[in-house]
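Beneath this line is the structure, given in structure tokens, with notes to follow.
On a predicted model such as this, the values are computed, not experimentally measured, just so you know.
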Amino acid sequence: MTGMIVKNKERCLNTRYKKMACQRCRQVCPAGCISDAFEFDLSHCIECGLCLSSCPAEAIAGDGYSGKVLEAMLTADDSLLCLSCSLQDKQSSWPCLGFLDARLLLALVYSGKNSNRRVVVNNCSCSGCKRKVADYLGKILISVNQILSLAGKYQIVHGNAVSNFKPKEKVVSRRGFIRCLVGEAISVFSAVVIADSIPKPLPRQEFFIKYTEALAVSGMRPTGIFSGIAIGEKCRACGLCARICPQQAIAVEDNGGVVDFYHNAFKCTGCGVCLTNCPWGAIALGSAYSLTLFRVATCSLPRCLECGKLYQPVGDHELCLECFLKDSSIACWSEK
């Protein structure tokens with residue numbers, strides 16, 4: 001490997017939440033170069049980018065996977081965007097296409113004129129290079145095209161159909177050519193001389209939210225791309241899930257004796273923080289049927305075991321705040 005893969009521990013869910021034990025990057029790595037302690041053995045890394053696309057917290061970054069390059073593509077006026085790895089196209093900055101995920105692909109389509117752009121993913125050689133990347137891309141491309149079809153947008157071109165689409169060759173003037181040479185020299189100088197040029201994670205969720213506001217697909221079959229939640233009868237309406245959700249994808253509405261829970265699959269990254277930290281084990285994670293905000297449950301507030309009044313619980317406490325403080329005060333005096 002020639003590049004660098006780094007993990008931002010402060011972003012990692014396992015660091016931010018005590019109960020989390022996320023293993024997605026380790027499970028998806030085809031080279032087995034991520035240890036139990038989440039240390040990267042770069043001597044075995046094949047730069048497939050799968051760890052980047054699998055991380056729901058955007059805690060992993062890599063050389064060659066530049067957010068600036070991606071943003072330039074999103075803001076370009078081109079009606080056709082072609083994505084290839086650097087092995088298939090020497091002008092490509094992407095070491096591999098395994099870094100792509102559904103949100104990035106949808107953002108690329110929706111960033112075009114009238115929220116519609118033709119996108120080509122050249123995955124023709126993936127099966128002969130990195131089989132796991134080929135399988136991964138094949139699945140998400142089918143699912144993304146299902147969503148685009150329902151939304152009436154251009155479907156992403158891939159596989160054998162790629163040969164029918166070619167990017168326009170840009171005519172570069174002499175002045176433009178010299179400008180490109182100078183820019184390339186500056187880039188090389190920055191990479192070699194600036195020692196602290198640590199790669200930054202791709203802000204894929206930020207790009208998705210920014211460019212796909214018009215996306216609202218209802219009646220969508222479960223694809224596994226977007227996550228939905230279900231809240232069961234064990235729920236005691238404590239609202240902890242809404243308070244700790246990293247993406248603020250869960251909202252609660254107190255309607256006086258009952259609490260309505262809403263979930264926004266558009267924001268949800270399926271990280272599982274709500275499921276893992278629910279004190280009652282009342283949350284299940286599955287595929288979303290819609291990307292619009294919808295009510296997933298209506299739960300009655302519990303009654304205090306001591307005074308019988310309705311109360312808003314905190315965690316797994318079964319007493320209202322007043323009774324809890326009273327009992328705590330009595331216990332404190334008893335100890336004295």
Side-chain angles (χ1 to χ4, degrees), residues 7-27 38 51-61 101-103 201-210 224-302 304 310-321 324-325:
K7 173 190 169 185
N8 186 324
K9 292 184 178 180
E10 294 181 358
R11 281 176 172 260
C12 180
L13 297 176
N14 296 341
T15 304
R16 295 170 61 188
Y17 302 93
K18 291 182 178 179
K19 292 185 178 181
M20 290 299 295
C22 182
Q23 300 284 323
R24 295 189 189 186
C25 58
R26 295 188 67 243
Q27 291 169 349
F38 296 97
C51 57
L52 278 74
S53 59
S54 68
C55 180
E58 298 175 3
I60 302 175
D101 71 350
R103 294 170 187 270
L202 289 174
R204 59 185 75 235
Q205 181 69 356
E206 176 187 330
F207 288 152
F208 175 72
I209 297 294
K210 180 178 179 179
I225 288 179
F226 296 100
S227 299
I229 64 169
I231 298 178
E233 297 178 355
K234 293 180 180 179
C235 177
R236 292 176 60 81
C238 70
L240 177 64
C241 54
R243 292 195 295 272
I244 66 175
C245 176
Q247 303 297 333
Q248 298 181 327
I250 304 174
V252 295
E253 185 177 282
D254 189 346
N255 291 316
V258 296
V259 174
D260 290 326
F261 286 81
Y262 293 87
H263 181 254
N264 190 338
F266 188 78
K267 293 182 177 181
C268 180
T269 61
C271 65
V273 167
C274 57
L275 181 153
T276 304
N277 290 275
C278 176
W280 305 100
I283 299 178
L285 198 64
S287 297
Y289 287 84
S290 172
L291 293 183
T292 55
L293 181 70
F294 65 102
R295 185 173 61 189
V296 293
T298 298
C299 303
S300 300
L301 289 172
C304 175
L310 293 173
Y311 74 104
Q312 179 74 54
V314 177
D316 57 358
H317 292 297
E318 296 184 336
L319 300 178
C320 66
L321 181 60
F324 175 76
L325 293 175

Exercise. Would L301 and V258 count as a side chain to side chain contact (heavy atoms under 4.5 Å, CB included) if you check the C-alpha gap in whole Å, the side-chain angles of each, and the deciding distance to 0.1 Å?
Worked result: CA-CA 5 Å; L301 289 172; V258 296; over 6 Å; no
Exercise. Would C299 and C235 count as a side chain to side chain contact (heavy atoms under 4.5 Å, CB included) if you check the C-alpha gap in whole Å, the side-chain angles of each, and the deciding distance to 0.1 Å?
Worked result: CA-CA 7 Å; C299 303; C235 177; 3.4 Å; yes
Exercise. Side chain to side chain contact (heavy atoms under 4.5 Å, CB included) between R295 and H263: does it pass, once the steps are laid out?
Worked result: CA-CA 6 Å; R295 185 173 61 189; H263 181 254; over 6 Å; no
For this session: Assess whether side chain to side chain contact (heavy atoms under 4.5 Å, CB included) is satisfied between Y17 and I244, documenting all intermediate values.
Result: CA-CA 9 Å; Y17 302 93; I244 66 175; 4.2 Å; yes
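The distance from the CG atom of N277 to the NZ atom of K18 is 11.0 Å, given to the nearest 0.5 Å. Here the OG1 atom belonging to T15 is positioned 9.0 Å from the CZ atom belonging to F38, to the nearest 0.5 angstrom. Taking CD1 of I250 as the start and SG of C268 as the end, the distance is 7.0 Å to the nearest 0.5 Å. Atoms NZ and CG, from K19 and N14 in turn, are 14.5 Å apart once rounded to the nearest 0.5 Å. The CZ atom of F324 lies 11.5 Å from the SG atom of C304; values are rounded to the nearest 0.5 Å. To the nearest 0.5 Å, atoms SG (C241) and CD1 (I283) are separated by 4.0 Å.
Among all heavy-atom pairs drawn from M20 and V273, the shortest one is SD-CA, 3.8 Å. Heavy atoms only, all atoms of each residue included: L13 and P246 are closest at CD2-CG, 4.4 Å. The two residues P201 and E58 come nearest to each other via the heavy atoms CB-O, 3.2 Å. Listed here is the closest heavy atom pair of C12 and A59: N-CB, 3.7 Å. In plain terms, the two heavy atoms of K267 and Q248 that are nearest each other are CD-O, 3.8 Å. For N264 against L291, the heavy-atom pair with the smallest separation is OD1-O, 3.8 Å.
C278 is not listed as a side-chain neighbour of L240, based on a closest heavy-atom distance of 4.5 Å or more. Here the side chains of T269 and S227 are not in contact, with every heavy-atom distance at 4.5 Å or above. Annotation: side chain of R24 is in contact with side chain of P56 (closest heavy-atom distance under 4.5 Å).
No donor-acceptor distance shorter than 3.5 angstrom exists from the side chain of D260 to the backbone of T298, with no hydrogens or angles considered. With Y262 contributing its side chain and E253 its backbone, the two residues share no donor-acceptor pair below 3.5 Å. Under a 3.5 Å cut-off, the side chain of S54 and the backbone N or O of C51 do form a donor-acceptor pair. The backbone N or O of K9 sits nowhere less than 3.5 Å from a side-chain atom of R16 that would complete a donor-acceptor pair.
The aromatic rings of F266 and F208 lie tilted to each other, with the angle between the two planes from 30° to 60°.
Side chains of Q23 and R26: a donor on one and an acceptor on the other come within 3.5 Å.
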